[in-house]
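This report refers to the structure that appears directly beneath it.
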Amino acid sequence: MGLGICIILIAVGAILTFATDWQAESVNVDLVGLILMAVGIIGTAVYTSILRRRRMVVPPVAPTVTEDDRRDLL
C-alpha cells in the first residue's frame, strides 16, 4: 500500500466519521470511518518505516589499485 492510498484512507475515514450524518440499518458509518482512519495510520507508519530502511545508504568502497593494474593500463 502506498503513502497516497494511506492518506486517502485517512481522509475518507475522517469524512465518514465527522462530516456525514448518514444512517444505515446494518452498518455503523462512524465505526467504518474509524476503522478506515486506523488502517490508514497503520499503513502510513509501516510505509515510512520500510522507506527509512530502504534509504539507508552504505558508502561505496573505493577499489584498490595495485601495481599490476597500473601496468595493464600503460
Side-chain angles (χ1 to χ4, degrees):
M1 203 171 9
L3 187 60
I5 301 278
C6 294
I7 292 172
I8 289 172
L9 283 175
I10 294 170
V12 169
I15 289 169
L16 285 177
T17 301
F18 303 117
T20 60
D21 58 350
W22 297 338
Q23 299 294 326
E25 289 182 24
S26 60
V27 177
N28 187 351
V29 179
D30 291 336
L31 182 62
V32 171
L34 289 173
I35 291 171
L36 287 176
M37 285 192 292
V39 169
I41 290 170
I42 291 170
T44 303
V46 168
Y47 182 78
T48 55
S49 69
I50 289 172
L51 185 65
R52 187 178 308 138
R53 262 190 255 146
R54 227 186 262 167
R55 287 192 178 183
M56 290 178 59
V57 177
V58 177
V61 177
T64 57
V65 178
T66 61
E67 291 295 323
D68 295 333
D69 293 336
R70 288 186 187 170
R71 287 187 188 135
D72 290 338
L73 293 175
L74 296 174

query = If you take all heavy atoms of Val29 and Trp22, which pair is closest and at what distance?
reply = CG2-O, 4.2 Å

remark   = Heavy-atom nearest pair, Cys6 first then Gly43, reads SG-C, 3.4 Å

key: Qualifying residue, where the test is side chain to side chain contact (heavy atoms under 4.5 Å, CB included) with Ile10 and the options are Thr44, Ile5, Ile15, Val39   = Thr44

request  = Starting at CD1 of Ile35, measure out to CG of Leu9 and round the result to the nearest 0.5 Å.
outcome  =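 The distance works out to 12.0 Å.
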
Between OG1 on residue Thr20 and CG on residue Asp30, distance to nearest 0.5 Å = 6.5 Å

inquiry  = In this structure, would Met37 and Ile8 fall into the same cluster of hydrophobic residues linked by side-chain contacts under 4.5 Å?
reply    =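 Different hydrophobic clusters.
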
message = Grouping I, L, V, M, F, W and Y whenever their side-chain heavy atoms are under 4.5 Å apart, do Leu36 and Val27 come out in a common cluster?
response = yes

ask   = Would you say the side-chain atoms of Thr48 pair up with the backbone N or O of Ala45, donor to acceptor, closer than 3.5 Å?
value =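 Judged by distance alone, yes, a pair lies under 3.5 Å.
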
key: Close side-chain approach of Val46 and Ile50, heavy atoms under 4.5 Å   = yes

